[in-house]
Amino acid sequence: VIAMIYGFLGPFDIMRSRLCKKLRKAATTATVPPTNFTVNSVQKHNAMRAMATALPNLQQIEIGGLNEGHKYSDGDDPYEQENENDTPHAIDILSGFRNLR
């Protein structure tokens, strides 16, 4: 029943309401409706990392550029010489979401 209620809330509302084990388990089974969640900063990248385990049924994420001095990384960078001062952030976190469109 709680998972069905979570189906009407946005991802940030669900993340704030996970107070006990019962609510956390309901959040992992709830299908989160499509929302405008854009990952365009390091702070939102960290939020996406937390959501990958807490809300695996999130349906929509938009990936944008990170702040200056940061980059997405999914393995070896062929342009590592040019971007050696940029802080890498893993993009493979997206594989933790089961229902992405």
Shortest non-hydrogen separation from [X] to [Y] and the atoms involved:
X: Leu23; Y: Ser17; answer: CD1-O, 3.2 Å
X: Gly96; Y: Pro56; answer: O-CB, 3.8 Å
X: Ala3; Y: Ala26; answer: CB-O, 3.7 Å

Kindly work out whether a path of hydrophobic side-chain contacts (I/L/V/M/F/W/Y, heavy atoms less than 4.5 Å apart) joins [X] to [Y].
X: Ile14; Y: Met4; result: no
X: Leu19; Y: Ile5; result: no
X: Leu55; Y: Leu94; result: yes
X: Leu58; Y: Ile63; result: yes

Hey, what do you get for CG (Asp13) to CE (Met15), rounding to the nearest 0.5 Å?
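Asp13 atom CG to Met15 atom CE measures 11.5 Å (nearest 0.5 Å).
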
Please report the interatomic distance CZ(Arg18) to NZ(Lys25), rounded to the nearest 0.5 Å.
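Between atom CZ of Arg18 and atom NZ of Lys25 there are 14.5 Å.
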
Is Phe12 atom CZ crowded by more than 12 heavy atoms from other residues, nucleotides or ligands, each under 6.0 Å away?
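More than 12 heavy atoms, drawn from other residues, nucleotides or ligands, come within 6.0 Å of this atom.
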
Full working for side-chain contact (heavy atoms from CB on, under 4.5 Å) between Ile2 and Lys22:
CA-CA 9 Å; Ile2 297 171; Lys22 187 176 185 178; 4.1 Å; yes

Could you walk me through whether Ile93 and His45 pass the side-chain contact (heavy atoms from CB on, under 4.5 Å) check?
CA-CA 9 Å; Ile93 295 170; His45 180 270; 3.8 Å; yes

Is Met51 close to Pro11 at the side-chain level, that is, under 4.5 Å between some pair of heavy atoms?
yes

As a quick check of understanding, evaluate side-chain contact (heavy atoms from CB on, under 4.5 Å) for Phe97 and Gln60, giving each step before the final call.
CA-CA 9 Å; Phe97 296 102; Gln60 181 177 348; over 6 Å; no

Taking the six-membered ring for Trp, are His70 and His89 parallel (under 30°), tilted (30 to 60°) or perpendicular (over 60°)?
tilted

Give the intermediate values and the outcome of side-chain contact (heavy atoms from CB on, under 4.5 Å) for residues Val39 and Glu62.
CA-CA 6 Å; Val39 180; Glu62 183 178 336; over 6 Å; no

Cut-off 3.5 Å, side chains only: do Thr29 and Tyr6 have a donor facing an acceptor?
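Per modelled atom types, Thr29 and Tyr6 side chains form no pair under 3.5 Å.
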
